[in-house]
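A quick write-up on the structure given underneath.
For clarity, every value in this text was computed on a predicted model and none was experimentally measured. Excluded from the calculations below are hydrogen atoms, water molecules and symmetry mates; all remaining heavy atoms, backbone and side chain alike, are included.
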Amino acid sequence: MSLSSKKGKIRGKKKGLSKRKGSTGSSGSHGSADLKIPTDKKHKAKAIQEAIRSDPPDIANLRRLAISDGGLLRDDLRRKAWPKLMNVNVFEIPPKPANIKAHRDYRQVVLDVERSMRRFPTNMKEEQRLRLQDQLVDIILRVLVRHPELHYYQGYHDICVTFLLVVGEDLAFAIMDKLSEYHLRDFMDESMDRTRHILGYLMPIVGKAHPELREFLERSDVGTIFALSWLITWYGHVLTDIRHIVRLYDFFLACHPLMPIYLAAQIVLYRSEDILRVDCEMTMVHHTLSRLPEDLPFEHLVSRAGDLFIQYPPSMLAKEAELEFLSSTTISCYKDFEMATNQKPDTVLRRRRRFGNGTAQNGDVKTVQLRKPTNLALKFAVWAISASLGAAALAVVNVVNEWF
């Protein structure tokens, strides 16, 4: 089946879902029930701004908005929302250290950045691109100097450059600093053992949804290496349209750290007919899998990846993936990240910076501990955009208490 015919089927499904899409029945971080995702861009943009300005910021609803159709819509909204999603205080970003050139990975970082020309807009002036490449080197080395236990890997710069192009140098560093401690932590070990373990989730997910496809892939001996660059670059290295890349980043920042591997599984499942059509031989299958079509329906893939996460959560697949659930640094640290307590709107943070870093000033509300019901609402956020109910909805009830 061609991609165009597949899109026709997807559009047909969406028409039947339009009335119920967005109604979740769960509460947001402020206790409001039956939050609905606005379907038009104007009202959705307003909802995003309101979630950011709330005191404390309505992270639960902001995540729902980032996951839902269209994501965070525009880069000006991303510049405000992405730091909130990563619990970044934009007024307390550490300064650039003076010794970045002495770092063990400095030369490799410079070489990789010099080869990253394709990641910058083709109409960008050379002078501007060279300045941004210098900033990209600084972002990467600032993170590595700040965290000596982390090891640079080729592909890390593909993630950094996306944030640089959208939010600028300092915010890109602050976001990457948090991502490197949590979502990307397993990729930054000295060895690739934990990265291989994360890739080990791919076949179990595919097998749960499509046993015949998994059997075919395993018989071909193709392995999972075709998805390595997808995973460790958050698809920044394999996609050419920046609009698709930032849309996926909206999704990943709002979700569990393993969501990129669930998206990889969904891409494989979506292309199952193309894969099963080729000879069951490693080079042919690898060639088919490693070349991503430009016209993939990303909104559909995002929605279905969320479905897969609900139906087959990491805890269900950990043993088959040869990974004890809590032995992954990325997974085990995510609960701490999820329960971060220092979120405040920018107006309050700016005022605190002006008066010093002490306790709340003149009417500032004390930092609020996230409550367990709020965390439960966050867990339902992925499901809020699912494209099917029925049996999968029952899976939500069964697995929600196993998350994180």
Side-chain angles (χ1 to χ4, degrees), residues 21-22 24 28-30 32 35-93 119-121 132 135 139 159-179 183 234-236 239 241-255 259-260 263 298-299 301-303 305-306 337 340 342-350 377-378 381-382 384-385:
K21 188 174 182 179
T24 67
S29 66
H30 298 278
S32 57
L35 287 173
K36 294 183 179 180
I37 302 298
T39 55
D40 65 287
K41 291 183 178 181
K42 181 178 178 180
H43 287 90
K44 185 176 185 182
K46 182 179 179 182
I48 293 169
Q49 292 167 338
E50 289 175 350
I52 294 169
R53 289 195 297 260
S54 296
D55 187 7
D58 192 349
I59 302 302
N61 200 34
L62 188 59
R63 289 183 174 187
R64 293 153 64 95
L65 291 160
I67 292 168
S68 64
D69 192 43
L72 294 171
L73 301 178
R74 308 190 308 260
D75 285 352
D76 63 304
L77 295 173
R78 292 185 174 99
R79 280 190 283 273
K80 297 177 181 179
W82 280 358
K84 293 300 180 186
L85 289 172
M86 291 308 300
N87 193 25
V88 166
N89 184 341
V90 299
F91 300 104
E92 295 182 1
I93 298 176
R119 289 300 318 277
F120 294 89
L132 287 172
Q135 292 177 5
I139 290 168
I159 301 178
C160 293
V161 71
T162 300
F163 289 111
L164 172 62
L165 291 172
V166 175
V167 302
E169 180 181 356
D170 283 343
L171 278 180
F173 155 69
I175 292 171
M176 287 303 303
D177 190 62
K178 282 292 182 71
L179 281 177
H183 297 62
W234 272 17
Y235 299 81
L239 298 177
D241 192 329
I242 187 67
R243 294 171 301 176
H244 296 154
I245 296 171
V246 296
R247 171 63 187 104
L248 293 184
Y249 281 31
D250 294 343
F251 180 48
F252 295 153
L253 291 175
C255 292
M259 195 56 77
L263 181 67
F298 285 101
E299 292 300 336
L301 296 174
V302 161
S303 178
F337 171 78
N342 63 336
Q343 287 278 22
K344 303 297 292 181
D346 286 350
T347 53
V348 174
L349 295 174
R350 189 182 296 110
L378 298 182
V382 174
I385 58 154

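One finds the CG atom of N89 at 7.0 Å from the NZ atom of K84 (value rounded to the nearest 0.5 Å). Once rounded to the nearest 0.5 Å, the distance linking CD1 of I67 with CD1 of I37 reads 9.0 Å. Interatomic distance, CG of L263 versus CG of L301, reported as 6.0 Å (0.5 Å rounding). The distance from atom CH2 of W234 to atom NE2 of H183, rounded to the nearest 0.5 Å, is 5.0 Å. Between atom CD1 of residue I139 and atom CG of residue L164 there is a gap of 4.5 Å, rounded to the nearest 0.5 Å. Between the CG atom of L253 and the CG atom of L248 there is a distance of 11.0 Å, given to the nearest 0.5 Å.
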Given R119 and I242, is the side-chain contact (heavy atoms from CB on, under 4.5 Å) satisfied, shown in steps?
CA-CA 9 Å; R119 289 300 318 277; I242 187 67; 4.3 Å; yes

Let me see the working for D40 and K42 under salt bridge (Lys or Arg N to Asp or Glu O under 4.0 Å), right down to the final yes or no.
CA-CA 6 Å; D40 65 287; K42 181 178 178 180; over 6 Å; no

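K41 places no side-chain N or O within 3.5 Å of a backbone atom of L73 that could act as its donor or acceptor partner. Proximity of a side-chain donor or acceptor of K44 to a complementary backbone N or O of D69 within less than 3.5 Å is detected. D250 places a side-chain N or O within donor-acceptor distance of the main-chain N or O of L72, the cut-off being under 3.5 Å. Y235 contributes a side-chain N or O that, together with a main-chain N or O of P260, makes up a donor-acceptor pair within less than 3.5 Å. Between the side chain of S54 and the main chain of E50, a donor-acceptor pair closer than 3.5 Å is present.
For residues 50-88, every residue pair satisfying the ring-ring contact (aromatic ring centres under 6.0 Å, His included) rule, not counting sequence neighbours, is listed here: W82-F163. Pairs of residues two or more places apart, or lying in two chains, never qualify as ring-ring contact (aromatic ring centres under 6.0 Å, His included) while including a residue from residues 49-74.
Ionic pairing of D76 and R74 is present here: one or more N-O contacts between side-chain nitrogen and carboxylate oxygen are shorter than 4.0 angstrom.
Nearest approach of G71 to I48, heavy atoms of both residues: O-CD1, 4.3 Å. Contact detail for E299 and R247: the closest heavy-atom pair is OE2-NE, 2.7 Å. Counting all heavy atoms, side chain and backbone alike, A172 lies closest to V167 at N-CG2, 3.4 Å. Taking each heavy atom of L85 and A66 in turn, the nearest pair found is CD1-CB, 4.3 Å.
The salt bridge (charged side-chain N to carboxylate O under 4.0 Å, His left out) check on R79 picks up nothing, with sequence neighbours excluded.
A heavy-atom distance below 4.5 Å is not found between the side chains of E169 and L132.
Using cut-offs of 30° and 60° on the angle between ring planes, the pair F298 and H244 is tilted.
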